[in-house]
Amino acid sequence: MSYGRLIPVTVHFDDLDALGLLHNARYPLLVERAWTELWQEKGVRFDGDWSAAGDACNAVRELRIGYEAPVTRAGAYAVHLWLERLGRTGLTYGFRLCSADGAVTYARGSRVLVRLDATTLRPAPWSEAFRDGARELLRPDA
């Protein structure tokens with residue numbers, strides 16, 4: 001992995017379905033938790049006040065996910081996150097749910113986020129501080 005960040009996540013027993021497989025709805029949840037952790041490390045967080053949320057005031061426009069191999073047990077895994085595109089008011093990030101070392105991919109996808117103005121809920125530009133932190137996540141060939 002030469003780009004992005006690998007964020008550790010945990011699959012719990014109750015994340016598994018009746019067949020003992022990670023339930024399909026849990027994959028995006030694990031990705032969301034990893035994304036939130038990554039940005040909280042960079043000081044971007046939502047503390048309950050949308051007008052003070054800044055860059056944390058954003059919404060998902062699109063989510064795509066493909067499942068490549070089943071997760072068959074609880075334990076330590078990781079989410080590999082990177083940016084495919086950083087626009088003025090939106091971004092597209094790629095992700096993989098993978099083994100803790102990043103070697104095995106279980107699912108991969110992308111998600112489009114739009115930064116919103118807290119008052120109007122219309123697209124708003126990312127701050128320069130956010131853009132600076134985001135640039136280090138850009139995939140080199142993006």
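Since this is a predicted model, take the numbers as computed values, not measurements.
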Quick one: does H80's side chain have a donor or acceptor within less than 3.5 Å of a partner on Y3's backbone?
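Indeed, once roles are kept as given, a pair shorter than 3.5 Å links the two residues.
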Any side-chain heavy-atom pair from [X] and [Y] closer than 4.5 angstrom?
| X | Y | value |
| --- | --- | --- |
| L38 | L137 | yes |
| L91 | N58 | no |
| E32 | R111 | yes |
| R33 | T36 | no |

Do [X] and [Y] share a hydrophobic cluster (ILVMFWY, side-chain heavy atoms under 4.5 Å, transitive)?
| X | Y | result |
| --- | --- | --- |
| V114 | L81 | no |
| L121 | V60 | no |
| L86 | V112 | no |
| I65 | Y106 | yes |
| L97 | L63 | yes |

Out of curiosity, [X] [atom1] to [Y] [atom2], how far, rounded to the nearest 0.5 Å?
| X | Y | atom1 | atom2 | result |
| --- | --- | --- | --- | --- |
| R26 | D14 | CZ | CG | 6.0 Å |
| D17 | L19 | CG | CG | 5.0 Å |
| E136 | K42 | CD | NZ | 3.5 Å |
| R85 | T92 | CZ | OG1 | 4.0 Å |
| C98 | Y77 | SG | OH | 11.0 Å |
| D55 | L113 | CG | CG | 11.0 Å |

Heavy-atom closest pair, residues [X] and [Y]:
| X | Y | answer |
| --- | --- | --- |
| L116 | A59 | CD1-CB, 3.7 Å |
| V79 | A34 | CB-CB, 3.7 Å |
| A76 | A100 | O-CB, 4.0 Å |
| R45 | Q40 | NH2-O, 3.1 Å |
| A74 | H12 | CB-C, 3.8 Å |
| R131 | R88 | NH1-CA, 4.0 Å |

Under the ring pair (Phe, Tyr, Trp, His ring centres under 6.0 Å) test, which residues partner Y27, sequence neighbours left out?
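By the ring pair (Phe, Tyr, Trp, His ring centres under 6.0 Å) rule, Y27 matches Y67.
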Holding to ring pair (Phe, Tyr, Trp, His ring centres under 6.0 Å), I want the full list of residues that pass it with F130, two or more places apart in sequence or in another chain.
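Testing F130 for ring pair (Phe, Tyr, Trp, His ring centres under 6.0 Å), a comparison that skips the adjacent residues, returns W39, W126.
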Identified side chain to side chain contact (heavy atoms under 4.5 Å, CB included) counterpart of V9 within the set L29, V31, L30
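Result for side chain to side chain contact (heavy atoms under 4.5 Å, CB included) with V9: L30.
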Around atom [atom1] of [X], are there more than 12 heavy atoms of other residues, nucleotides or ligands at under 6.0 Å?
| X | atom1 | answer |
| --- | --- | --- |
| R135 | CZ | yes |
| R64 | CZ | no |
| R73 | CZ | no |

